[in-house]
Asker: 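Have a look at this one.
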Amino acid sequence: MARYLRIRCIVKTERTGAHERISAICGLTPDGSHWTLTHEDAVSQVENGDCRFYIERPRDQRYDVIVAMDVRAHRYLKTLADRDQPDQLLFLPACPHLTHAPHSIPGPTGLGAALDRLEVAQEPGYRALPL
């Protein structure tokens, strides 16, 4: 069963391509500690069925995050409400953690320990939409 994780903030880049605009997504574990996934790792987690992500906007609006593909077959995260660009994700605040210098975002080898600690149950009142 996939873990449901809320994306609370992101690490943006200066690039303009839909697949390049976000370098990492971040959130909190149930115990309040910070987690980070590179964009590429998050895409893989969704495609493998290991995780499902969502964001919350004001007025309790939830948007499921999906993997989209641009015309050059680049995969990227966006919400169901977005068109070509991941606008809803880009509206999220920048992650305030100092560990997000470009050299410190964990790659595939840094993912396991942080993600393995996540035991995220489905949140009350959340109904996942089918992909």
Side-chain angles (χ1 to χ4, degrees):
M1 176 175 240
R3 295 174 233 180
Y4 292 93
L5 302 174
R6 179 181 173 192
I7 302 170
R8 294 179 180 266
C9 51
I10 62 170
V11 179
K12 297 178 186 179
T13 70
E14 297 296 320
R15 298 185 175 197
T16 58
H19 69 285
E20 306 173 297
R21 296 187 72 184
I22 298 170
S23 64
I25 59 172
C26 308
L28 298 175
T29 63
D31 68 5
S33 60
H34 178 264
W35 61 264
T36 298
L37 288 173
T38 64
H39 186 265
E40 294 80 17
D41 289 337
V43 167
S44 294
Q45 292 290 319
V46 171
E47 289 182 331
N48 293 339
D50 296 330
C51 290
R52 292 185 64 184
F53 299 102
Y54 68 95
I55 64 169
E56 286 187 1
R57 302 295 299 154
R59 300 184 188 144
D60 294 327
Q61 293 177 324
R62 284 190 188 216
Y63 296 102
D64 286 331
V65 175
I66 61 170
V67 175
M69 190 177 300
D70 69 11
V71 296
R72 293 192 177 127
H74 297 118
R75 298 176 327 222
Y76 64 99
L77 298 175
K78 71 173 196 162
T79 69
L80 288 170
D82 291 325
R83 292 186 184 234
D84 294 333
Q85 292 291 325
D87 293 325
Q88 295 296 323
L89 288 168
L90 292 168
F91 289 143
L92 292 174
C95 187
H97 287 80
L98 296 176
T99 60
H100 293 305
H103 61 277
S104 66
I105 296 174
T109 58
L111 172 66
L115 195 58
D116 290 343
R117 284 195 326 261
L118 292 176
E119 291 296 329
V120 181
Q122 184 170 331
E123 291 191 15
Y126 180 65
R127 186 176 64 80
L129 299 174
L131 292 177

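Being a predicted model, the structure only gives us computed values, none of them experimental.
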Asker: Quick check: do V43 and V46 have side-chain heavy atoms less than 4.5 Å from each other?
Answerer: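 A side-chain contact is absent here, since even the closest heavy-atom pair is not under 4.5 Å.
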
Asker: Do I10 and L90 pass the side chain to side chain contact (heavy atoms under 4.5 Å, CB included) test, and can you show the C-alpha distance, the side-chain angles, and the key distance before you say yes or no?
Answerer: CA-CA 8 Å; I10 62 170; L90 292 168; 4.1 Å; yes

Asker: What distance separates I7 CD1 from Q88 CD, expressed to the nearest 0.5 Å?
Answerer: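 Going from CD1 on I7 over to CD on Q88, the span is 12.0 Å.
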
Asker: Nearest heavy-atom pair of C51 and L5: which atoms, and what distance?
Answerer: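 Heavy atoms of C51 and L5 come nearest at SG-CD1, 3.8 Å.
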
Asker: R6 vs V65, test: side chain to side chain contact (heavy atoms under 4.5 Å, CB included). Steps then yes/no.
Answerer: CA-CA 10 Å; R6 179 181 173 192; V65 175; over 6 Å; no

Asker: When rounded to the nearest 0.5 angstrom, what distance separates NE2 in H34 from OG1 in T29?
Answerer: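 Atom-to-atom, H34:NE2 and T29:OG1 are 10.0 Å apart.
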
Asker: Which heavy atom of L92 sits nearest to which heavy atom of R57, and what is that distance?
Answerer: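 Looking at all heavy atoms of both residues, the closest pair is CD2-NH1, 4.3 Å.
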
Asker: Could you tell me whether the side chain of K12 and the main chain of A94 form a donor-acceptor pair under 3.5 Å?
Answerer: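 Not confirmed, K12 side chain does not pair with A94 backbone.
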
Asker: How many angstroms lie between atom CG of D84 and atom OH of Y76, to the nearest 0.5 angstrom?
Answerer: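 Going from the CG atom of D84 to the OH atom of Y76 covers 5.5 Å.
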
Asker: Have D41 and S44 got a donor and an acceptor in their side chains that come within less than 3.5 Å?
Answerer: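 On atom types as modelled, these side chains do not qualify, holding no pair under 3.5 Å.
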
Asker: Side chain of S23, backbone of T13: donor and acceptor closer than 3.5 Å?
Answerer: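 No, because the side chain of S23 does not come within donor-acceptor range (under 3.5 Å) of the backbone of T13.
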
Asker: Here's a test for you: under side chain to side chain donor-acceptor pair (under 3.5 Å), which of E14, H39, Q85 qualifies with R21?
Answerer: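 Passing option: Q85.
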
Asker: Counting heavy atoms not belonging to R15, are there more than 12 under 6.0 Å from its CZ?
Answerer: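 Count not over threshold, so no.
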
Asker: If you round to the nearest 0.5 Å, how far is OG1 of T79 from CG of D64?
Answerer: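 Between atom CG of D64 and atom OG1 of T79 there are 9.0 Å.
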
Asker: Measure the CG-NZ distance between L89 and K78 for me, rounded to the nearest 0.5 Å.
Answerer: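 L89 CG to K78 NZ: 10.5 Å, rounded to 0.5 Å.
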
Asker: Hey, are the side chains of R62 and I55 touching, using non-hydrogen atoms and a 4.5 Å cut-off?
Answerer: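 No - every pair of side-chain heavy atoms lies 4.5 Å or more apart.
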
Asker: In this structure, are over 12 heavy atoms from other groups packed under 6.0 Å from D87 atom CG?
Answerer: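 For D87, atom CG is crowded (more than 12 foreign heavy atoms under 6.0 Å).
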
Asker: Could you state the interatomic distance from CG (L77) to CG (L37), rounded to the nearest 0.5 Å?
Answerer: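 So the CG of L77 and the CG of L37 are separated by 9.5 Å.
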
Asker: Please list, chain by chain and in numerical order, all residues satisfying side chain to side chain contact (heavy atoms under 4.5 Å, CB included) with R59, sequence neighbours excluded.
Answerer: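 Not a single residue meets the side chain to side chain contact (heavy atoms under 4.5 Å, CB included) criterion with R59.
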
Asker: Going by heavy atoms in the side chains, are W35 and I25 under 4.5 Å from each other?
Answerer: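 SC-SC contact between W35 and I25 confirmed.
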
